[in-house]
Amino acid sequence: MQPSASKGVDSFDRLHPQIRRWIREQGWQELRDVQDRTIQAILGGDTDVLIAASTASGKTEAAFLPVLTRVADRTAPGVSVLYVSPLKALINDQFRRLDMLCERMEIPITRWHGDAPQGAKTRILRAPRGLILITPESVEALLLRRSADAEKLLGSLDFVVIDELHAFLQGPRGLQLASLLSRIELLGGVRPRRIGLSATIGDLALAASWLNPASPGSVAIIESSADGPELRLQVRGYVREPTEAGPDDLEIEGEPPKALDRIADHAFEILRGSNNLFFAGSRRSVEALADRFRRRAEAANVPNEFFPHHGSLSKELREELELRLKKGDAPTTAVATTTLELGVDIGSVKSVALLGPPRSLSSLRQRLGRSGRRQGAPAVLRVYVREPHLASDLDPLERLRPDIVQTVAAVRLLLDHFVEPPGLDPAVVSVALHQTLSMIAQRGGARADSLYRSLRSAGPFAEIYSPDYAELLRWMARPEVALLEQAPDGLIMLGEAGERLVAGRDFYAVFESDEEWRLSNGGRTLGVIPLSNVITVGSLLAFAGQRWRVVAVDDRAKVLEVTRHRSGRLPKFDRRSVEPIHDRLAAEMRAVYQSADVPPYLDAVARQLLEEGRQNFVEAQLAVRRYVNAGGDTHVMTWRGFAMNSVLAVLLTAAGLECEAHDLGVTVANATDNEVMGVLGNLTTTPSAQDLSEFVGNLRTAKYDAFAPEPLLRRMWTKTHASACARLPQLIKELS
DNA sequence: GACCTGCTGCGGTTTG
């Protein structure tokens, strides 16, 4: 190896001799900057380490080469390194990448997840050593069902490596993992060093405090200094047909082409012959597009290169497509939801396309990171944006052409390097309840103060104060809830309902899952659709990019046998809440309306749509006015994100108005602007978050909220919405 | 008007 920089020599020389030989055999010319700095941090210090770099920067090696160097000579029994990943597929990927190296170093490496071979798990239990690659749910199961084994395996770890850390910074799964890590530390009374691997994220300080809540400042942060590749961008505008309404559907022969048909025409020509990713936003739109592409290939009598990829498709179909993308010997475009955003290796693609405007900068950046990964290749992004046909009865909000404006605003924020920071999670109570049950089951009984200490040391439960937790425990022990029981000596044990809940197979995950039909074709599973689809023999389906007829329904096993058919119908995929838009994006949209520059990346139709949106903004006098009348309803324009709008909606609801929050503000039904202004003007003081929480309707949103006391959930609502409520007076001033 | 993620232990049978 010919080191090109002196600091590289130093890092390289610090690595284990076997690893140095392995590096030479890989033909690496030098260590990358991120690898060099990570080796220094891990081998030259004793702190936790956070590595934030793009997917292709070699951060897995950056972390594992020095970690393996450190643990190579360990003789004490017990596993040295616990690697945690949000995806089984990623575990399998990393296992393949590390297996050879570990074998040579005689360090056992074991996959531990639901589909991993049982034999290897048994082997490692007999002689606990080396590395374990695991999911949070499998950690949960290990602690809960086999706590003696867990202690033997995980009681003396040297390192915990958390991959895709950004996926754990927000949401219930991140809360669960934080608690699991603190429970692991209690097993052996040692705190392993934590290494976090993350895509480039907005707020590194926040990620550092997730990694080490007790001492966030001590975390060594290694951020990739490499700039992303050059960006080539086009935004294409499409006007829908006058008859187009509702969600995306299959193409109808003999009718004038809809906007989606024209988008498919364009993308089919442009993307054919190379590897691309087309993010379509919803599973329904993925299927609608995939069907169109397949029909175009058939009409042109060429092999189809476009295939769907989403969470309802079977693992086999998804892996086939991932492999085809990775091998790169047949041109392939994956039409996907967010399934291809996370780090499963699919090689490099020529371009990325989006259907509809980006809703968040974090997802836009993640998606862009999938393009232009080859040295010197530009990142190519196409955004296909549809706006409705202008009719006289069109809602004034739609006249503002918000989707085109949102796209332009998102591009501005992309160039401004903005990324949404995570907020306080609404699932803290639900996960605290879940972890309480799990810890009690693990230990066969526990004391309140010890349970609370474990949760608190995890970090993200800090907003649950000691009296809150006592209230939660008391509620869980009520006879009609029966999750807990207290022995006369104060020891807390599981109650009857608690035993039942913990025994279920559904207990390991902190997110909910619905019942589904499984679609089977000649012994092959295609995927699943929600049970809420009403199906009989003869029902038609469009799924996995093909069209099917149901030939048998097994009501008990919930299996549908299907065969190919000429026609089909898109199934219902249960939809949940929407992805909230951030304040900054809403504010940037207003800035786009108020400026005159025409971005060069817009095509002719998109330019015209932007122009129309700006004209209608001026016509509605929105530079000075905050109200738009629509029939008998009034749109209140806040130019703030979803969190703020939902707080305003609660306030107006409390005042007796009927309203709904949307991206740009709040729509008040059956009220004039004067009435809304009157309500706001009559407020002598701004209601506090606590006052408002009394009017929140849907407090129970997370998996175990049903078992939590309502007053506690209301108090937590005031905390999650505290910052929005604090900014309410300013908003009310603007609206008066 | 959204998306994604995960899963034990035991007793029985079969196979090498």
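Chain letters run A, B, ... following the sequence lines, proteins first and then strands; every chain starts at 1.
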Item to check | Euclidean distance, atom CD of residue A:Glu398 to atom C1' of B:dG1 [Å, nearest integer] | outcome: 12 Å

Next on the checklist: Of the options B:dC7, B:dC3, B:dT5, whose atoms approach the side-chain atoms of A:His113 most closely?
Outcome noted: B:dC7

Item to check | Enclosure of A:Arg569 CZ (heavy-atom neighbours >12, cutoff 6.0 Å) | outcome: no

Checklist outcome for this item: Per side-chain contact (heavy atoms from CB on, under 4.5 Å), A:Pro308 is matched among A:Asp291, A:Leu313, A:Leu289, A:Leu321 by A:Leu313

Checklist outcome for this item: Of B:dA2, B:dG1, B:dG6, the nucleotide closest to the side chain of A:Asp663 is B:dG1

Next on the checklist: Within the 4.0 Å heavy-atom criterion, would you say A:Asp115 contacts the bases, only the backbone, or no part of the nucleic acid?
Outcome noted: nothing

Next on the checklist: Taking any heavy-atom pair under 4.0 Å as a contact, classify A:His310: base, sugar-phosphate, or nothing.
Outcome noted: sugar-phosphate

Checklist entry - For the pair made of CZ in A:Arg505 and C1' in B:dC7, what is the distance, rounded to whole Å? => result 5 Å

Item to check | side-chain N/O A:Thr337 vs B:dA2 OP1/OP2, d < 4.0 Å | outcome: no

Checklist entry - How long is the line joining NE2 of A:His166 and C1' of B:dT5, in whole Å? => result 13 Å

Checklist entry - The side chain of A:Pro247 lies closest to which of these nucleotides: B:dT8, B:dG1, B:dG6? => result B:dG1

Checklist entry - Between B:dA2 atom P and A:Lys572 atom NZ, what is the distance in whole Å? => result 13 Å

Checklist entry - Out of B:dG1, B:dG6, B:dC7, which has the shortest distance to the side chain of A:Ser513? => result B:dG6

Checklist entry - What nucleic acid atoms does A:Gly356 come within less than 4.0 Å of, heavy atoms only: base, sugar-phosphate, or nothing? => result nothing

Checklist entry - Over how many whole Å does the gap from A:Ile91 atom CD1 to B:dC7 atom P extend? => result 8 Å

Next on the checklist: Given B:dC4, B:dG6, B:dG1, identify the nucleotide with an atom nearest to the side chain of A:Arg359.
Outcome noted: B:dG1

Checklist entry - Of the candidate nucleotides B:dT5, B:dT8, B:dA2, which contains the atom at the shortest distance from the side chain of A:Pro580? => result B:dA2

Next on the checklist: Using a heavy-atom cut-off of 4.0 Å across all strands, would you classify A:Arg145 as base, sugar-phosphate, or nothing?
Outcome noted: sugar-phosphate

Item to check | Over-ring placement of A:Arg111 relative to A:Phe95, 6.0 Å and 45° cut-offs | outcome: yes

Checklist entry - Between A:Phe507 and B:dC7, do the rings stack, that is, sit under 5.5 Å apart with planes less than 30° off each other? => result no

Checklist entry - Starting at the 5' end of DNA chain B and moving along, which residue's nearest nucleotide shows up first, A:Leu142 or A:Gly281? => result A:Gly281

Next on the checklist: Quick check on B:dC7: is either OP1 or OP2 less than 4.0 Å from any side-chain nitrogen or oxygen of A:Ser138?
Outcome noted: yes

Next on the checklist: Between C1' on B:dC3 and CD on A:Gln170, what's the gap in Å once rounded to a whole number?
Outcome noted: 13 Å

Next on the checklist: Tell me whether A:Arg284 forms a cation-pi arrangement with A:Phe573, defined as NZ or CZ under 6.0 Å from the six-membered ring centre and within 45 degrees of its axis.
Outcome noted: no

Checklist entry - Do A:Arg590 and A:Met637 touch side chain to side chain, with heavy atoms closer than 4.5 Å? => result no

Checklist entry - Can a cation-pi geometry be assigned to A:Arg236 and A:Tyr384, taking NZ or CZ under 6.0 Å from the six-membered ring centre and within 45° of the ring axis? => result no

Checklist entry - Would one find a side-chain N or O of A:Arg283 under 4.0 angstrom from OP1 or OP2 of B:dC4? => result yes

Checklist entry - Does A:Gly246 or A:Arg318 map to a spot on DNA chain B nearer the 5' end, using the closest nucleotide for each? => result A:Gly246

Checklist entry - Between atom NZ in A:Lys88 and atom P in B:dC4, what is the gap in whole Å? => result 15 Å

Checklist entry - For A:Arg173 and B:dC3, what is the distance between atoms CZ and P respectively, to the nearest whole Å? => result 18 Å

Checklist outcome for this item: With the side chain defined as heavy atoms from C-beta on, A:Thr338 is closest, among B:dT8, B:dC3, B:dG1, to B:dC3

